[in-house]
Amino acid sequence: MSVASVPFSFSRLSLIAGNTFLEAVRQKLFNFLLLLAVGLVASAQFFREFNFGSSELKFISDFGFGALIFFGSALTIATTAQLFFSEIENRTALTLLAKPLWRAEFVFGKFLGVFAVIGVFCALTIGLMMALLWHREGQLMNIRPEDFANGRLIAYGDLLVVGVLQWLKFGVLAAIVLLIASFSNTNLFTVVTGFFVLVICHLQYLARDAWGNVDNAVLGLVVRALGFIFPNFQLFNLADQIGQGSGLSPVVALQVAGYAVAYIGVIGGLAVYSFRNREI
Amino acid sequence: MSQPVAAISIQGLTKDFSVTLRGVKLRAVDALNLEVAEGQVYGLLGPNGSGKSTTIKIILGLLDATVGDVRVFGVPANRVEARRNVGYLPEAPYFYRYLSGRELVKFYARVCGVSGSRLRTRVDEVIDWVGLSGAADRRVGTYSKGMLQRIGLAQALVHDPKLIVLDEPTAGVDPVGSAEMCELILKLKQQGKTVLITSHLLAQIEDVCDRVAILDRGKLIVEGSVLELVGQRDRQALIVDPLPEADLEALRGWLAARGHSLNAVEQPRARLDQLFLSKVSRPGRPGGASAGVGSNEVPLDAKP
Ligand SMILES: Nc1ncnc2c1ncn2[C@@H]1O[C@H](COP(=O)(O)OP(=O)(O)OP(=O)(O)O)[C@@H](O)[C@H]1O
Ligand SMILES: [Mg+2]
């Protein structure tokens, strides 16, 4: 008896993504996110008294991005591990994977669901930060019009682009956490390892700068290989380039985005491969 | 070639788990051979830890066989296509607690490719069929054990599979609920479905199953049709009005004259579960299944 094959289906994938997102919504995760974003941006407002003037705007933006990177990373690791293991630990994965469903659809569905959740967080934080900047810039333009002879100083479009790039970076991080989760047995192990890898990804450029060109060929090779295996998260920190010279180069932005998408694809593929034979 | 394909065919199945870091293996299923023909209700019995759930998970492709060949309607069990015609209710099921019962069944229906106008009607149909219409809009997180089993059955049936695998569908369900579960299984059989079921309640298995297999420590101990295994063809029971001692003696004499003997005289008793079923209220519908909720809950749960 021949049985019609079951093709890979994007609609099943998006069903799982939607359900993952819904879990985050119904578990009241978003209330927490909103609170966090408001708290962060409000505290930037609180600190601003210390330096008055147009450098204050730079401070708000630095503070906002710092908070986005820090809390976004923590949130990405925790949420990805949680949304994956809630499925394994509650054994809902049994029922789901007993359906005519590819494990790749499951893994990428989870990824997209998590990516959407982080997207909401990024949008909230960046949105609030831009609103605050706009408002404060307006005030400063009245107080010291001489600083704003050429109109507004902040490149809001560039801010948005950097925000999107950060979101993509969190996507790479989420894919890494999923890869760890695909073979790990516990949520805790996944979270701890996830943070460890996060640190490596942020600091690997230091190792490359320090040892990448040493005479020892073997060591140099190892360092360069590590730099290749672990994505370099430092590439995504483009916030400093905003408002300098010609601003953010679209080519660089596109390259960084492509870098992120490539890593997401490869790491996601590895996660599927490792999850494929997992015993549920 | 002309032989019909078995719904499930298991040949030489062995499953080892490594249970320690040193790689010590635990043999959960040992050289198992089984064949479940289409249209049968098949009972898989055995004590705790005898490998029933492990066998079922291999049939569903959730675990890989260490050795052996497992096919569902002729398709190797680890292929995605094999699961197209299978509905599965895991043991002690647990579902997304943040969804309502209806949303849950709808989600699984869509995963199975049910769509369009059929989606709505089919979801309502199975929810009604398992008797959960009254609670369909409540969060699954608020369901009782019996209701979880029912919603689990609904999600297993929603894509109208040919084979339904139920792992302890009556565990933690009260006698009324499990009697209804048996009725539902018999109805599935009437619809021509194949059902594979595990349970510890042997009396129930006996009532619904055509064939049973008994596993012990992963090995097949007994296999056969229920009638063959437990029917006593050399005996018959007559149920009569209470007889005075004298008449009983006369009957013995009458039987002896014809070369028969009266083996036992006992007082027949109603089974406790039958008594329970006749006394406990069944807020039933004509279809048999009740709302699945205590009668005191019914008016309150109309809204989520
Ligand atoms: N993932 C696993 N890892 C290690 N051992 C396992 C695993 N799953 C099951 N086992 C072992 O395999 C054996 C069979 O387990 P299984 O769950 O199949 O039994 P069962 O017949 O369903 O029992 P029960 O009636 O209690 O549900 C048990 O000894 C169990 O400890
Ligand atoms: Mg079991």
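Here is how names work: the chains are called A, B, and so on, in the same order as the sequence lines, proteins then strands, and each is numbered from 1.
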Taking atom [atom1] of [X] as the centre, does the number of heavy atoms from other residues, nucleotides or ligands within less than 6.0 Å exceed 12?
{"X": "A:Phe8", "atom1": "CZ", "answer": "yes"}
{"X": "A:Tyr273", "atom1": "OH", "answer": "no"}
{"X": "A:Phe183", "atom1": "CZ", "answer": "yes"}
{"X": "B:Lys106", "atom1": "NZ", "answer": "no"}

Enter the distance from [X]:[atom1] to [Y]:[atom2] here, rounded to the nearest 0.5 Å.
{"X": "B:Leu62", "Y": "A:Arg278", "atom1": "CG", "atom2": "CZ", "result": "12.5 Å"}
{"X": "A:Leu94", "Y": "B:Ile56", "atom1": "CG", "atom2": "CD1", "result": "11.0 Å"}
{"X": "B:Leu63", "Y": "A:Ile280", "atom1": "CG", "atom2": "CD1", "result": "8.5 Å"}
{"X": "A:Arg276", "Y": "B:Asp64", "atom1": "CZ", "atom2": "CG", "result": "9.5 Å"}
{"X": "A:Thr95", "Y": "B:Tyr96", "atom1": "OG1", "atom2": "OH", "result": "7.5 Å"}
{"X": "A:Arg12", "Y": "B:Arg110", "atom1": "CZ", "atom2": "CZ", "result": "12.5 Å"}

- Is the closest basic N to carboxylate O distance between A:Glu23 and B:Arg97 below 4.0 Å? no
- Task: Any chance you could lay out the salt bridge (Lys or Arg N to Asp or Glu O under 4.0 Å) test for B:Lys15 and A:Glu279, step after step, and finish with the verdict?
- Result: CA-CA 12 Å; B:Lys15 176 68 188 175; A:Glu279 311 215 305; 2.7 Å; yes
- Name the member of B:Phe107, B:Phe95, B:Tyr88 that forms the most heavy-atom pairs with chain A at distances under 4.5 Å. B:Phe107
- Pick whichever of B:Val80, B:Leu60, B:Ile59, B:Asn78 has the most heavy-atom pairs under 4.5 Å with chain A.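 Sorted descending by pairs with chain A, the first entry is B:Val80.
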- Check: A:Lys99 main-chain N/O paired with B:Arg84 side-chain donor or acceptor under 3.5 Å: no
- Message: Closer than 3.5 angstrom, by distance alone: can the side chain of B:Arg79 be matched with the main-chain N or O of A:Ser5 as a donor-acceptor pair?
- Response: no
- Item | Part of residues 101-116 of chain A lying next to chain B, heavy-atom separation under 4.5 Å | A:Leu101, A:Trp102, A:Arg103
- Message: So A:Val25 and B:Tyr98, do their side chains get closer than 4.5 Å, heavy atoms only?
- Response: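 No - every pair of side-chain heavy atoms lies 4.5 Å or more apart.
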- Item | Proximity breakdown for B:Gln155 and chain A, heavy-atom pairs closer than 4.5 Å |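 Contact with chain A is through both the backbone and side chain of B:Gln155.
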- Task: Please state whether the side chain, the backbone, both or neither of B:Leu99 comes within less than 4.5 Å of a heavy atom of chain A.
- Result: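 For B:Leu99, backbone and side chain are both near chain A.
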- Item | Residues of residues 113-126 of chain B near chain A, each having a heavy atom less than 4.5 Å away |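 The residues closer than 4.5 Å to chain A amount to none at all.
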